[in-house]
Amino acid sequence: MVLKLVGFSMSTCTRRVACVLVEKKVPFEFVPVDVASLAHKSPEYREKQPFGQVPYIDDDGFVLYESRAIARYIEEKYPNQGTRLVPADAKGKALFEQAASVEFSNFEPFASGAVAEKVFKPMRGLTTDQARFDALVEQLSAKLDGYEVILGKQKYLAGNEVTLADLYHLPYGSMLARAGCDLMTTKGPNVTRWFNELCSRPSWVAVKDGVKSTLEY
């Protein structure tokens, strides 16, 4: 039975999972959720995802939610298929865990908050808090100073091979420009080189404009 990815085509987390599935060459069926009608808040949906969020996967009856957990599961299940996205050795794994923690603590809160203010709020008819947006961008800029140092010593966040930690940045990183923030391409040469390379990966190109109904690789 082919793995099912249940979510909203343009959601950041749905595209994060789809990118990893494509990178790992795992065939999957995309099952769209009508978020406009709040289908993800229905009792039936919440039986699978109790928080009423997208996405989740159904892998032959095994249901899993939270995009990073799904990505880790896919890598664990298919370590030698497609691109290896978590190192096999102890030190490599430790550096990956460090990089994953950096993304979750030093990038996601600020990037997602900025995007929420300038992209998601207007979509919902809400007013952007410009002061909050400016503060988040300033904080993100300071965090990217650290990225610039790391990426000046190695190609990716965990070393010289791409990992899940790098790919995790793509959904919100790519939306920052839409929010009016160009930090990912102006902060410094190392961040710019790294992020532009990630954005050009075929796996991201395949899903960046929306996850298709069915993708097989």
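The structure presented is a predicted model; accordingly, all values stated were derived computationally and were not measured.
- In plain terms, the two heavy atoms of Asn190 and Gly152 that are nearest each other are ND2-CA, 3.4 Å.
- Atom SG of residue Cys199 and atom CH2 of residue Trp194 lie 9.0 Å apart, to the nearest 0.5 angstrom.
- Between Tyr45 and His40, the ring planes lie perpendicular to each other; the angle is over 60°, past the 30° to 60° tilted range.
- Using a 4.5 Å cut-off on side-chain heavy atoms (C-beta onward), Val26 and Gln81 make contact.
- Side-chain atoms of Met184 and Leu144, non-hydrogen and from C-beta on, do get closer than 4.5 Å to each other.
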Practice task
Could you give me the CA-CA distance, side-chain angles and deciding distance for Ile57 and Leu3, then say whether side chain to side chain contact (heavy atoms under 4.5 Å, CB included) is met?
Solution key: CA-CA 7 Å; Ile57 62 166; Leu3 180 148; 4.1 Å; yes

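- Between Arg46 and Phe51, the shortest heavy-atom distance links the atoms NH1-C, 3.7 Å.
- Residues Leu157 and Ile150 form a side-chain contact, since some pair of their non-hydrogen atoms from C-beta on lies under 4.5 Å apart.
- Contact of the Asp129 side chain with the Phe133 side chain is not registered, since no non-hydrogen atoms from C-beta on lie closer than 4.5 Å.
- Here the closest non-hydrogen pair linking Leu170 and Cys19 is CD1-SG, 4.1 Å.
- By the side chain to side chain donor-acceptor pair (under 3.5 Å) test, Ser141 is found to be paired with Lys187, residues two or more places apart in sequence or in another chain being considered.
- Ring centers of Tyr168 and Phe107: at least 6.0 Å apart, outside the cut-off.
- Relative orientation of the Tyr147 and His169 rings is perpendicular, given thresholds of 30° and 60° on the angle between their planes.
- One N or O on the side chain of Asp166 and one on the backbone of Thr163 form a donor-acceptor pair closer than 3.5 Å.
- Partner Glu23 forms a side-chain contact (heavy atoms from CB on, under 4.5 Å) with one of Ile74, Val207, Leu167 and no other, that one being Leu167.
- Side-chain contact check for Arg201 versus Thr83: some heavy-atom pair is nearer than 4.5 Å.
- Figure legend: Lys24 and Tyr78 shown without cation-pi pairing, the cationic atom not lying both under 6.0 angstrom from the six-membered ring centre and within 45 degrees of its axis.
- Residues Val20 and Leu164 are in side-chain contact: their nearest non-hydrogen atoms beyond the backbone lie under 4.5 Å apart.
- Contact between Val2 and Pro27 at its shortest, heavy atoms only, is CG2-O, 3.5 Å.
- Side-chain atoms of Lys121 do not come within 3.5 Å of backbone N or O of Thr128 as any donor-acceptor pair.
- The side chain to side chain donor-acceptor pair (under 3.5 Å) search around Ser105 returns none, not counting sequence neighbours.
- Val54 and Cys13 make their closest contact through O-CB, 3.8 Å (heavy atoms, listed as atom of the first residue, atom of the second, distance).
- Thr12 and Tyr172 form a side-chain donor-acceptor contact under 3.5 Å, judged by distance and modelled atom types alone.
- The shortest side-chain heavy-atom distance between Pro189 and Glu148 falls under the 4.5 Å cut-off.
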Exercise for the section: Assess whether side chain to side chain contact (heavy atoms under 4.5 Å, CB included) is satisfied between Phe28 and Val22, documenting all intermediate values. Expected result: CA-CA 9 Å; Phe28 68 96; Val22 176; 4.2 Å; yes

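- Although no hydrogens or angles enter the test, the distance criterion places no donor-acceptor pair under 3.5 Å between the side chain of Arg15 and the main chain of Val17.
- The side-chain heavy atoms of Glu161 and Lys155, taken from C-beta on, include no pair separated by under 4.5 Å.
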Exercise for the section: Quick one: do Leu85 and Val162 satisfy side chain to side chain contact (heavy atoms under 4.5 Å, CB included)? Show the steps, please. Expected result: CA-CA 6 Å; Leu85 295 172; Val162 68; 4.1 Å; yes

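- Between the side chains of Glu197 and Tyr156, at least one donor N or O sits under 3.5 Å from an acceptor N or O.
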